[in-house]
Engineer: 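One structure, pasted below without further comment.
Note that the structure is a prediction, hence the values are computed from the model and not measured. Residue indices begin at 1 and follow the sequence shown.
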Amino acid sequence: MASLHHTSNETIPQPPQTPRHNATRDQRIAARTLRAKGYTYAQIAADLHITQRQVQKACTDNRPTPRKPPGARRKLSEEQLDEIIDFIRTSKETRRMPFSQLIQELHLSVGTETLRRALARRGYHRCKALRKPPLSDRTRALRLT
């Protein structure tokens, strides 16, 4: 039987922050304004703490607001994921539940792979739930000495 296991007993790891590929809307508007005043790309980049390429793109694009990043939205929000993890951590039985049963129990509208990937992003992975072998009389006596 598999059990959900977290990689550490401390805080739940968060995904690393990736560098922004686009400047924010306000940074883009500020870059366009400063460029209109005659500042160079390097000066604007240093002032706004963004790259020169981001300044150049903000000034040459026809739109001041950045495009929506590509890709589908996540089906489970961070709040939902927190609730799922809280439920899983409540007992040994919930840790050992199959993903399909977790989905039924919590009335989630996602598939098993979606749930597995979401938990993996938070550092939870399946592992074999093994039983400790019982101590024999000989081993118990050796431990006491």
Engineer: Taking the cut-offs as 6.0 angstrom to the six-membered ring centre and 45 degrees off its axis, would you call Arg95 and Phe87 a cation-pi pair?
Structural biologist: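 Here Arg95 fails the 6.0 Å and 45° test against Phe87.
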Engineer: Does any part of the side chain of Ile84, heavy atoms only, come nearer than 4.5 Å to the side chain of Leu115, both counted from C-beta?
Structural biologist: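 In short, these two side chains touch, coming nearer than 4.5 Å.
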Engineer: Would you mind telling me which of Gln52, Gln54, Arg53 makes a side chain to side chain contact (heavy atoms under 4.5 Å, CB included) with Tyr41?
Structural biologist: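 By the side chain to side chain contact (heavy atoms under 4.5 Å, CB included) criterion, Tyr41 pairs with just one of Gln52, Gln54, Arg53: Gln52.
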Engineer: Is there a side-chain contact between Leu119 and Leu81, using heavy atoms and a 4.5 Å cut-off?
Structural biologist: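 Side chain of Leu119 against side chain of Leu81, heavy atoms only: contact under 4.5 Å found.
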Engineer: Can you name the nearest heavy-atom pair linking Thr94 to Ile88, along with the distance?
Structural biologist: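 Taking Thr94 first and Ile88 second, the nearest heavy atoms are OG1-O, 2.8 Å.
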Engineer: A side-chain contact here means heavy atoms from C-beta on lying under 4.5 Å apart; do Pro98 and Gln101 qualify?
Structural biologist: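 Yes, side chains in contact.
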Engineer: Which value, rounded to the nearest 0.5 Å, describes the distance between Thr24 atom OG1 and Asp26 atom CG?
Structural biologist: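 It is 5.0 Å, given to the nearest 0.5 Å.
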Engineer: Sorted by first residue and then second, give each side-chain hydrogen bond (donor to acceptor under 3.5 Å, both in side chains) pair with at least one member in residues 107-118; sequence neighbours left out.
Structural biologist: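 Output for this query lists Glu113-Arg116.
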Engineer: What's the spacing between Gln27 CD and Asp47 CG if we round to 0.5 Å?
Structural biologist: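 Those atoms lie 10.5 Å apart.
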Engineer: Any chance you could measure Leu142, atom CG, to Ser136, atom OG, to the nearest 0.5 Å?
Structural biologist: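 Nearest 0.5 Å value for the CG-OG distance: 8.0 Å.
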Engineer: So, for Arg122 and Glu78, which heavy atoms are closest and what is the spacing to 0.1 Å?
Structural biologist: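 Looks like NH2-OE1, 2.6 Å.
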Engineer: Is there a side-chain contact between Phe99 and Gln104, using heavy atoms and a 4.5 Å cut-off?
Structural biologist: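 Phe99 does not reach Gln104 side chain to side chain.
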Engineer: For Arg143, give me all partners under side chain to side chain contact (heavy atoms under 4.5 Å, CB included), at least two apart in sequence or on another chain.
Structural biologist: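 Only Leu135 meet the side chain to side chain contact (heavy atoms under 4.5 Å, CB included) criterion with Arg143.
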Engineer: For Asp61, which of Arg25, Arg32, Arg28 qualifies under salt bridge (charged side-chain N to carboxylate O under 4.0 Å, His left out)?
Structural biologist: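 Result for salt bridge (charged side-chain N to carboxylate O under 4.0 Å, His left out) with Asp61: Arg28.
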Engineer: Working to the nearest 0.5 angstrom, can you tell me the gap between Ile44 CD1 and Thr51 OG1?
Structural biologist: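 Between atom CD1 of Ile44 and atom OG1 of Thr51 there are 12.0 Å.
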Engineer: Can you tell me how far CG of Asp86 sits from OG1 of Thr90, rounded to the nearest 0.5 angstrom?
Structural biologist: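 Reported to 0.5 Å precision, the distance equals 9.0 Å.
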Engineer: So how far is it from Ser91 OG to Arg96 CZ, rounded to the nearest 0.5 Å?
Structural biologist: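 Rounded to the nearest 0.5 Å, the OG-CZ separation comes out at 10.0 Å.
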Engineer: How far apart are the closest heavy atoms of Ala31 and Cys59, and which atoms are they?
Structural biologist: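 Heavy atoms only, the tightest pair is O-SG, 3.8 Å.
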